[in-house]
Amino acid sequence: MNLEEYAVMYQVEDTHWWYLGMASITRALLNRYTTPGAGLRILDAGCGTGAVMTSYLADYGQVTGFDFAAAALQFCQQRGAERLARASIVELPFADASFDLAVSFDVLCEQAVRDDGVALRALQRVLAPGGRLVLRLPAYDWLRGQHDRAVHIRHRYTRRELAARLNAAGFEVERLSYANTFLFPIAMLKRLAEHIWPPKSSGSDLTLGVGSMNGVLRAVLSAEAPLIAATGLPFGLTVVAVARKK
Ligand SMILES: C[S@@+](CC[C@H](N)C(=O)[O-])C[C@H]1O[C@@H](n2cnc3c(N)ncnc32)[C@H](O)[C@@H]1O
């Protein structure tokens, strides 16, 4: 990611509709497969500036976060996170089978992760047998745009592709769904328009102000949470997965 994007992320992740809506979706998925208070050993792989690990994820157990960017870890410390490591997702400094749950949100897709198979096998190694992995990744490579360049996204995934990667790394897929489905038509038009009228700013979508629409957009995205947890959604801007170590 561009260095300035860590500061942007830190500033907006407690209030921006996308983060709040995705938190609702992740909580719904977690609540389907585990329960708050379960006392799990949790790894947040590529924890960024720490909002997830210091908020709802901590309801499910003790969270350890790591990121390869020192700037990200400094923001995590400002949030009061203590169990932190500076590491790459392809070379984890943790013992085999030392976590019950690993989450990794928008990390495997990054340019700095050249081989997502190596990263998935590393996560599989540090999970206990039967341990779960929850992933969130951007969907559809044909939707690449300015946002992807600003946050250094190497690849956007399809559901089928992610299923194959998870199986090859020794996981059994329990839920694989698209998300950000209801807003997909608007987002698709925006991304396609960027090809015709390239944006002047080089920042990510997080720098776009939506003003009073923030609450509406959050409600629309959050409304997907029970559907994704129950059955899954057939298309969207994001792909989410829950998988279990075989
Ligand atoms: C888009 S941010 C997502 C941060 C956080 N997971 C979240 O959902 O807010 C991607 C994060 O992945 C981290 N990252 C990228 N490549 C990595 C690697 N090889 N190992 C560890 N972290 C990495 C970046 O530093 C950044 O913090």
Side-chain angles (χ1 to χ4, degrees), residues 1-27 29-30 42-58 63-79 81 83-94 99 101-126 133-139 143-157 165 169 179-180 203-207 221 237-241:
M1 292 194 352
N2 291 336
L3 216 48
E4 59 271 24
E5 286 296 334
Y6 292 101
V8 173
M9 195 164 46
Y10 180 72
Q11 273 163 24
V12 305
E13 62 192 342
D14 295 324
T15 52
H16 191 282
W17 65 272
W18 188 89
Y19 283 104
L20 299 175
M22 284 300 168
S24 301
I25 290 169
T26 310
R27 288 182 91 123
L29 281 171
L30 288 172
I42 305 171
L43 181 65
D44 187 349
C47 57
T49 50
V52 171
M53 67 175 295
T54 56
S55 60
Y56 65 89
L57 203 52
V63 190
T64 302
F66 76 86
D67 202 285
F68 81 158
L73 295 173
Q74 276 165 16
F75 285 119
C76 292
Q77 280 167 338
Q78 285 182 37
R79 289 189 182 280
R83 300 178 66 85
L84 292 169
R86 186 163 182 207
S88 171
I89 200 167
V90 294
E91 205 173 341
L92 298 182
F94 307 108
F99 295 97
L101 171 70
V103 304
S104 188
F105 300 140
D106 295 294
V107 180
L108 292 182
C109 53
E110 292 260 314
Q111 277 170 12
V113 184
R114 295 215 184 97
D115 188 335
D116 51 12
V118 173
L120 284 170
R121 283 193 293 281
L123 291 168
Q124 201 258 13
R125 178 184 68 75
V126 300
L133 173 65
V134 182
L135 288 178
R136 182 180 72 218
L137 290 163
L143 274 179
R144 291 178 75 79
Q146 170 57 38
H147 175 82
D148 303 86
R149 285 187 287 281
V151 297
H152 294 183
I153 288 178
R154 171 187 53 79
H155 185 62
R156 304 181 63 98
Y157 291 75
R165 298 274 209 287
N180 211 345
S204 71
D205 285 355
L206 294 175
T207 57
L221 185 55
L237 273 174
T238 298
V239 57
V240 290

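Everything quoted here is computed from the prediction, not taken from an experiment. Counting starts at 1 for both ligands and their atoms, following the listed order.
Partners of Tyr6 under the side-chain hydrogen bond (donor to acceptor under 3.5 Å, both in side chains) rule, at least two apart in sequence or in another chain, do not exist in this structure. Residues meeting the side-chain hydrogen bond (donor to acceptor under 3.5 Å, both in side chains) test with Ser24, sequence neighbours left out: Ser222.
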Give every pair made of an N or O atom of ligand 1 and a protein N or O atom lying under 3.5 Å apart, one pair per line with both atom names and the distance to 0.1 Å, or write 'none'.
| residue | atom | partner | partner atom | Å |
| --- | --- | --- | --- | --- |
| ligand 1 | 6 (N) | Gly46 | O | 2.7 |
| ligand 1 | 6 (N) | Phe105 | O | 2.9 |
| ligand 1 | 8 (O) | Arg136 | NH2 | 3.2 |
| ligand 1 | 19 (N) | Ser88 | OG | 3.3 |
| ligand 1 | 20 (N) | Ile89 | N | 2.9 |
| ligand 1 | 22 (N) | Phe68 | N | 3.4 |
| ligand 1 | 25 (O) | Tyr6 | OH | 2.6 |
| ligand 1 | 25 (O) | Asp67 | OD1 | 2.6 |
| ligand 1 | 27 (O) | Asp67 | OD1 | 3.4 |
| ligand 1 | 27 (O) | Asp67 | OD2 | 2.6 |

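Closest approach of Leu3 to Ala71, counting heavy atoms only: CD1-CB, 4.1 Å.
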Could you list the donor-acceptor pairs under 3.5 angstrom formed between side-chain atoms of residues 105-114 and any protein atom two or more places apart in sequence or on another chain?
| residue | atom | partner | partner atom | Å |
| --- | --- | --- | --- | --- |
| Asp106 | OD2 | Arg136 | NE | 2.8 |
| Asp106 | OD2 | Arg136 | NH2 | 2.9 |

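No donor-acceptor distance shorter than 3.5 angstrom exists from the side chain of Arg83 to the backbone of Leu43, with no hydrogens or angles considered.
In this structure, Trp18 and Asn180 have side chains that are in contact, with non-hydrogen atoms separated by less than 4.5 Å.
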